[in-house]
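In what follows, a single structure is set out as structure tokens and then discussed.
All values below come from the heavy atoms of this structure, side chains included, with hydrogens, waters and symmetry mates left out.
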Amino acid sequence: MNAQYAGLAERLDKALLTKTAMPQITLAHPELPLAGAYEIQSLLVHRRLQRGERRIGMKMGLTSRAKMLQVGVNEMSWGRLTDAMLLEEGGVLARDAYIHPRLEPELAFLIGKPLSGKVTAAQALSAVDGVAPAMELVDSRYLDFKFTLNDVVADNSSAAGLVIGPWCSPTQDLSNLGVVLEVNGMVIETASTAAILGHPVRALVAAARLAAEAGETLHPGDIVMSGGLTAAHSISPGETVRATLQNLGFVSINVN
Ligand code: 0L1
Ligand code: MG
């Protein structure tokens, strides 16, 4: 194990546990390669698994132009999801449990058959048991939510939480479903599922390829998050945030 990478994973973990933002790691380590950033992510998530958390799937990040523009990073990233990140649909989310949390609407895939490697969109879809409206809670461990691709990759792609709505049949056309993000009943963002790489199944195709590159497989029961469909919303106490995906229903959470 690379001791420097282990030390950086420990710092990111401490930032998460103490809810204290830290400087971007690439400021001190501009030479960090992307593969090294993914190694740090793996070590970081390993620390969570050692604390008893269970792996539940994979998140894709920066798969839409809206998200790329918001954070100023132009390449896709991925991260690992654990059961400790699951938030109750319609439940309460404590703003204070995070550094600078943001919510974003996403499409969630429920994997029904093992999926890994270079697959077509049809093969990826045939491995899906369900799709659901979802929101991801992102909470960068870096000061001011500022990072480069390698910073955000090391930080598990800002993964902090996910809330999943009703699972629906994956047989419908997912290519261009309307998306609405509301805060206290007011529409703040709209999009189409086409915002994800032209068709959200492409996020799943990428997830299968990237999982294989990391020596991993998507297993039955895993959740794969598509990546944010719109810019993410910075949450404040007193807000009810709701994401609706056409034909699939909605998912909401209350912030206190
Ligand atoms: O917003 C961010 O912190 C970047 C990582 C995840 C973005 C996404 O889900 O698209
Ligand atoms: Mg996301």
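- Here the side chains of Val138 and Phe145 are in contact, with some heavy-atom distance below 4.5 Å.
- Looking at heavy atoms from C-beta onward, Leu17 lies in side-chain contact with Arg51 at the 4.5 angstrom threshold.
- Closest approach of Gln24 to Phe147, counting heavy atoms only: NE2-CA, 3.6 Å.
- Here CE of Met22 is found 8.5 Å from CG of Asp151. Values are rounded to the nearest 0.5 Å.
- Hydrophobic clustering, with ILVMFWY side chains joined whenever heavy atoms are under 4.5 angstrom apart, keeps Val224 apart from Trp167.
- Counted within 6.0 Å of NE2 on His46, heavy atoms from surrounding residues, nucleotides or ligands total 12 or fewer; the atom is thus considered open.
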Practice problem: Show the numbers, then the answer: is there a side-chain contact (heavy atoms from CB on, under 4.5 Å) between His29 and Glu31? | Solution: CA-CA 5 Å; His29 303 279; Glu31 75 299 338; 3.6 Å; yes
Quiz item: After noting the C-alpha distance and the side-chain angles of Val201 and Leu174, does the key distance pass the side-chain contact (heavy atoms from CB on, under 4.5 Å) rule?
Solution: CA-CA 8 Å; Val201 75; Leu174 301 170; 5.8 Å; no
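- Each of Leu107 and Met225 belongs to its own hydrophobic cluster when Ile, Leu, Val, Met, Phe, Trp and Tyr are linked at side-chain heavy-atom distances under 4.5 angstrom.
- Considering only heavy atoms from C-beta on, Leu34 comes within 4.5 Å of Val153 through its side chain.
- With a 4.5 Å cut-off on side-chain heavy atoms, Leu103 and Glu239 do not count as touching.
- Between the Arg141 side chain and the Ala15 main chain, no donor and acceptor come within less than 3.5 Å of each other.
- A side-chain donor-acceptor contact under 3.5 Å links Asp83 to the backbone of Arg54.
- Hydrophobic clustering of Ile, Leu, Val, Met, Phe, Trp and Tyr side chains at less than 4.5 Å, counting indirect connections, unites Ile196 with Leu218.
- Note that the CD1 atom of Ile164 and the CG atom of Leu86 stand 7.0 Å from one another [nearest 0.5 Å].
- Without hydrogens or angle criteria, Lys67 side chain to Gly227 main chain gives no donor-acceptor distance under 3.5 Å.
- Distance OH/Tyr142 to NE2/His100: 10.5 Å, rounded to 0.5 Å.
- Remark: the Glu189 side chain and the Thr230 side chain contain no N/O donor-acceptor pair separated by less than 3.5 Å.
- You'll find the side chain of Cys168 stays beyond 4.5 Å of the side chain of Asn247, heavy atoms only.
- The aromatic rings of Trp78 and Tyr38 sit parallel to each other, their planes meeting at less than 30°, with 60° as the upper class boundary.
- Minimum interatomic distance between Pro133 and Pro166 (heavy atoms only, all atoms of both residues): CD-O, 3.5 Å.
- A donor atom on one side chain and an acceptor atom on the other are found under 3.5 Å apart for Asp173 and Ser175.
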Practice problem: Determine, stepwise, if the pair Ser140 / Val152 fulfils side-chain contact (heavy atoms from CB on, under 4.5 Å). | Solution: CA-CA 8 Å; Ser140 175; Val152 72; over 6 Å; no
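- Closest non-hydrogen pair, Ala9 versus Leu44, comes out as O-CD1, 3.5 Å.
- Taking hydrophobic clusters as Ile, Leu, Val, Met, Phe, Trp and Tyr residues chained together by side-chain heavy-atom distances below 4.5 Å, Val45 does not share a cluster with Ile40.
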Practice problem: Kindly indicate, with the supporting measurements, whether the criterion salt bridge (charged side-chain N to carboxylate O under 4.0 Å, His left out) is fulfilled by Glu213 and Arg209. | Solution: CA-CA 6 Å; Glu213 281 173 19; Arg209 177 176 51 79; 3.5 Å; yes
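- Once rounded to the nearest 0.5 Å, the distance linking CG of Leu229 with OG1 of Thr190 reads 11.0 Å.
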Self-check item: salt bridge (charged side-chain N to carboxylate O under 4.0 Å, His left out) between Asp222 and Arg55, worked out
Solution: CA-CA 8 Å; Asp222 277 1; Arg55 176 200 163 283; 2.6 Å; yes
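- At least one side-chain heavy atom of Arg48 sits less than 4.5 Å from a side-chain heavy atom of Met85.
- Under the 4.5 Å side-chain criterion, counting only non-hydrogen atoms from C-beta, Leu93 is not in contact with Val163.
- Of all non-hydrogen atoms in Glu106 and Gly228, the two that sit nearest each other are OE2-N, 3.2 Å.
- Proximity of Leu177 to Leu248: side-chain heavy atoms (C-beta onward) are separated by under 4.5 Å at one or more points.
- To the nearest 0.5 Å, the span separating OG on Ser116 from CD1 on Ile111 amounts to 11.0 Å.
- When the side chains of ILVMFWY residues are joined at heavy-atom separations under 4.5 Å, either directly or via intervening members, Met135 and Val180 end up in two distinct hydrophobic clusters.
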Self-check item: From CA spacing to verdict: side-chain contact (heavy atoms from CB on, under 4.5 Å), Ile235, Ile253
Solution: CA-CA 11 Å; Ile235 55 173; Ile253 200 149; over 6 Å; no
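- In this structure a side-chain-to-backbone donor-acceptor pair under 3.5 Å is present from Asp139 to Ile99.
- Here the closest non-hydrogen pair linking Val73 and Thr148 is CG2-C, 4.0 Å.
- The minimum heavy-atom distance linking Tyr98 with Leu87 is given by the pair OH-CD2, 3.9 Å.
- Between the CG atom of Asn156 and the CG atom of Leu81 there is a distance of 7.5 Å, given to the nearest 0.5 Å.
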